[in-house]
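This report refers to the structure that appears directly beneath it.
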Number of protein chains: 2
Amino acid sequence: MKNGASIRDMEKLHQPDGFAPLDREGLVDRVARLLSQAIVSGRLAPGERLSESVVAKQLGTSRAPVREAARLLESSGLITYTPNRGFFVRRHSATEIDNLYEFRITIEIAAVRRLMREGLGATAAALGAQIEELRRLAEPGHNMLTQVEADMQFHRLICQGSGNPRYLRSFERIAQETELTIMLIGRLYDDAHRLAETHVPILDALLSGSEDQAVDAMFYHLDVARTLVTEQFRKLEESTP
Amino acid sequence: MKNGASIRDMEKLHQPDGFAPLDREGLVDRVARLLSQAIVSGRLAPGERLSESVVAKQLGTSRAPVREAARLLESSGLITYTPNRGFFVRRHSATEIDNLYEFRITIEIAAVRRLMREGLGATAAALGAQIEELRRLAEPGHNMLTQVEADMQFHRLICQGSGNPRYLRSFERIAQETELTIMLIGRLYDDAHRLAETHVPILDALLSGSEDQAVDAMFYHLDVARTLVTEQFRKLEESTP
DNA sequence: GTCAAGCCAATTGTCGACAATCCTGCAATT
DNA sequence: AATTGCAGGATTGTCGACAATTGGCTTGAC
């Protein structure tokens with residue numbers, strides 16, 4: 001099989017009537033998306049080398065777009081880059097995960113504060129709908145990655161609704177990394193129903209109008225996740241040193 | 001003059017006895033540094049186009065390193081990138097500046113909290129030395145950019161001492177942007193002596209051992225800066241719409 | 001005079017090739 | 001046996017050229 005321009009052709013099939021502007025994704029973004037999917041889904045293991053030429057050959061492009069995409073993912077924390085050595089799938093320590101969650105708490109608490117001061121607006125309905133989506137995805141027949149992405153989407157909506165784009169931007173920078181750590185563990189809660197319901201108190205607190213209540217609810221939610229993920233990860237670390 | 005490898009040669013002269021590992025900067029980083037200097041110092045005006053080929057020719061390199069450097073600066077907020085259009089020096093609105101400072105406050109307050117819990121350690125002495133440096137640079141004969149950089153260095157030390165590298169990383173991402181906004185205004189305080197002394201209460205509060213006092217001092221310091229910069233910028237905006 | 005369609009110059013997007021650098025393994029030396 | 005020095009192979013770093021896209025300009029009709 002000759003695989004030149006395979007990405008282009010392959011994806012054209014998925015948007016038969018797509019407008020041109022939607023096609024304006026750019027090869028770099030496409031490569032970045034495929035790479036991050038491969039990493040988060042676990043097809044590329046932590047520590048693994050990302051040879052530019054190998055990836056380029058597999059995707060049917062040249063090395064230049066791969067290089068740019070890799071640097072993009074580096075700023076997302078998914079891969080590391082060492083000069084003259086190349087790119088590697090990032091390997092996280094338990095401490096780094098803990099720091100990641102601490103940072104995430106800082107950002108999201110600040111976003112909640114701002115959201116409460118600016119007013120919920122359309123965000124309230126969006127959050128309610130997202131909880132419904134989480135419940136729907138908790139039913140059998142949905143894979144874990146989809147559930148985790150829906151989870152993150154709930155939190156993304158809050159950063160988005162805060163009104164300060166910096167919080168959203170900062171959130172996006174750690175979102176994929178967070179998804180990766182959860183996927184590495186293999187599970188967050190015992191079942192996805194539980195995951196969905198843990199978001200209800202947050203929305204309730206937001207609707208209560210009390211900034212303190214909202215902050216407390218968000219902090220509790222994230223602090224539980226932080227403890228769960230970090231502890232699970234520490235166990236994982238001990239079993240495979 | 002043939003200007004191939006002109007950067008390489010030019011900068012070799014500045015480190016006559018430097019060890020090889022220090023030379024390990026890479027062409028991309030060098031271009032990024034030169035570009036950011038040009039932007040922050042005002043030699044490249046906001047809104048100005050950054051043609052890849054022009055920059056490449058000026059620096060004596062090819063377009064590839066310029067492209068990578070430009071994307072690096074994009075993630076630092078100094079320039080914007082539009083697909084198929086290219087790179088432009090970023091133009092900030094007063095609202096964006098306000099959001100920038102709000103975000104900065106969030107990060108640095110969190111860093112202060114963590115620093116107080118982990119203990120100051122060697123950071124205390126470093127902060128004291130940095131205040132001395134600020135006083136020294138306040139004497140006549142020093143340009144404003146140097147003073148602003150020293151100011152940022154004080155805050156960088158706090159993020160660094162916090163113990164969570166995420167705060168430092170986040171700080172670095174907005175540091176250059178912050179410097180740019182101050183340089184665009186042309187002044188922060190009436191004189192640099194005043195700038196130096198506003199850092200003393202922060203260090204005092206840190207040394208007091210009280211987390212609340214430390215947070216308050218840092219918040220006051222940054223909130224004053226936020227008001228000053230945003231207001232100045234709004235005036236600037238009105239005079240040149 | 002206004003507006004639309006289509007060409008044209010300029011810029012970005014991508015590519016393949018060459019140069020520089022790093023890791024590996026072996027061999028020679030201490 | 002351990003260490004140092006030195007090829008050999010592989011990978012990244014950089015480059016110049018070509019293809020694709022954009023925005024402006026000209027041309028023409030109304």
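Order of the sequence lines sets the chain letters (A, B, ...), proteins ahead of strands, with each chain counted from 1.
The distance between atom NZ of B/Lys57 and atom P of C/dT11, rounded to the nearest whole Å, is 10 Å. Rounded to whole angstrom, the span from the CG atom of B/Leu27 across to the C1' atom of C/dA20 amounts to 12 Å. In this structure, A/Leu59 places its CG atom 11 Å from P of C/dC15, rounding to the nearest Å. At whole-Å resolution of the value, CG in A/Asp29 and P in C/dT12 are 17 Å apart.
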Residue pair A/Arg136, A/Glu133: steps toward the salt bridge (charged side-chain N to carboxylate O under 4.0 Å, His left out) verdict: CA-CA 5 Å; A/Arg136 194 178 66 79; A/Glu133 176 73 0; 3.1 Å; yes
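In this structure, the ring pair (Phe, Tyr, Trp, His ring centres under 6.0 Å) partners of B/Phe154, at least two apart in sequence or on a different chain, are B/His199.
In this structure, the side chains of B/Glu237 and B/Ser93 come closer than 4.5 Å at one or more pairs of heavy atoms. You'll find the side chain of A/Leu134 stays beyond 4.5 Å of the side chain of A/Gln147, heavy atoms only.
Evaluated for a side chain to side chain contact (heavy atoms under 4.5 Å, CB included) with B/Pro46, the options B/Arg91, B/Arg90, B/His92 yield exactly one hit, B/Arg91. A side chain to side chain contact (heavy atoms under 4.5 Å, CB included) with A/Leu35 holds for exactly one of A/Leu72, A/Leu44, A/Val89; it is A/Leu44.
In this structure, B/Ser239 contributes its side chain and B/Leu236 its backbone to a donor-acceptor pair below 3.5 Å.
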Would you tabulate the nitrogen or oxygen pairs shorter than 3.5 Å linking the protein to nucleotides 10-12 of chain D?
| residue | atom | partner | partner atom | Å |
| --- | --- | --- | --- | --- |
| D/dT12 | OP2 | A/Glu52 | N | 3.4 |

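Note on the helix from C/dG1-D/dC30 to C/dT30-D/dA1: angle between the axes of the first and last five pairs equals 20°, rounded to 10 degrees.
Here the closest non-hydrogen pair linking A/Gly163 and B/Asn99 is O-ND2, 4.4 Å.
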